[in-house]
Amino acid sequence: GGAAPKTRSMRSSRIIRLRTASRAVSRRFLFLAAWAVLPSCLSPERAFVADTDPGGWAVSEPAVVRFDNSDTVSVRTIDVIVRYGADFRYDRLSMAVTTVSPAGRQWRDTAGVMLPGEPHVRRDAVGAFRSDAVLSETGTYLFSFVPLMPDPLVKGVAAVGVDIYRSED
């Protein structure tokens, strides 16, 4: 009679170990599944910038930003980003922005960004460019920026670009 209880306890402990191992695998699977889905839920902002010559940015020197798109259904907001210094003389930067789709279609818009000044400070400013935009083609979009200012050389602008992110519902 003493062997039967020993066999049951061995079987019970083996079942408990299997259940514990199964739970650990299940927890790992759930953790990995949640980790894999998390980036799509967060949809972080994506900023892409191109440097300009802060000593003098000319119309003949477009700043070009590349954006590789794989999401053809999300509604997005596109903002213009400008990094500028104290030697920028105006309160607003006006630019022509030419967008080229992966298929080669082009459209040109103007964008203006207010640039509040503080002496000897390099700052970033953001201005609205497009809302409710759907980038309907997969591939690389190009955003080309040129200044539309009275001076032939715009001093004090160090970089321009776009911030592309999913629009809030």
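What you see is a predicted model, and the numbers here were worked out from it, not measured in a lab.
- How far CG of Leu135 is from CD1 of Ile78: 5.0 Å, rounded to the nearest 0.5 Å.
- For residues 50-83, every residue pair satisfying the ring pair (Phe, Tyr, Trp, His ring centres under 6.0 Å) rule, not counting sequence neighbours, is listed here: Phe48-Phe67.
- The hydrophobic clustering, which links ILVMFWY residues whose side-chain heavy atoms are closer than 4.5 Å, places Ile81 and Val157 apart.
- Among all heavy-atom pairs drawn from Pro147 and Val154, the shortest one is CB-CG2, 3.7 Å.
- Following chains of ILVMFWY side-chain contacts shorter than 4.5 Å, one cannot reach Leu142 starting from Trp107, and the two form parts of different hydrophobic clusters.
- Here Thr77 contributes atom OG1 and Asp132 contributes atom CG; the two are 6.5 Å apart, rounded to the nearest 0.5 Å.
- Contact of the Leu115 side chain with the Tyr90 side chain is not registered, since no non-hydrogen atoms from C-beta on lie closer than 4.5 Å.
- Of all non-hydrogen atoms in Asp163 and Ala47, the two that sit nearest each other are OD1-N, 3.9 Å.
- Between Pro102 and Tyr141 the shortest side-chain heavy-atom distance falls below 4.5 Å.
- No option in Val80, Ile164, Val100, Val64 other than Ile164 meets the side chain to side chain contact (heavy atoms under 4.5 Å, CB included) test with Phe143.
- Residues that satisfy the salt bridge (charged side-chain N to carboxylate O under 4.0 Å, His left out) test with Asp151, not counting sequence neighbours, are Arg89.
- Using modelled atom types, no side-chain atom of Asp79 and backbone atom of Val126 make a donor-acceptor pair closer than 3.5 Å.
- Of all heavy-atom pairs spanning Ser144 and Pro62, the tightest one is OG-CB, 3.4 Å.
- Annotation: the span from Met149 atom CE to Leu93 atom CG amounts to 5.5 Å, rounded to 0.5 Å.
- Screening Val146, Val113, Thr110 for a side chain to side chain contact (heavy atoms under 4.5 Å, CB included) involving Met95 leaves a single residue, Val113.
- Applying the salt bridge (charged side-chain N to carboxylate O under 4.0 Å, His left out) rule to Asp71 yields the partners Arg76, Arg166; only residues at least two apart in sequence or on another chain are considered.
- Here the straight-line distance linking atom OG1 of Thr99 with atom CG of Asp109 works out to 6.0 Å at 0.5 Å rounding.
- Taking both residues in full, the closest heavy atoms of Asp124 and Tyr84 are given as C-CE2, 4.4 Å, listed atom of the first, atom of the second, then distance.
- Minimum interatomic distance between Asp51 and Ala159 (heavy atoms only, all atoms of both residues): OD1-CB, 3.9 Å.
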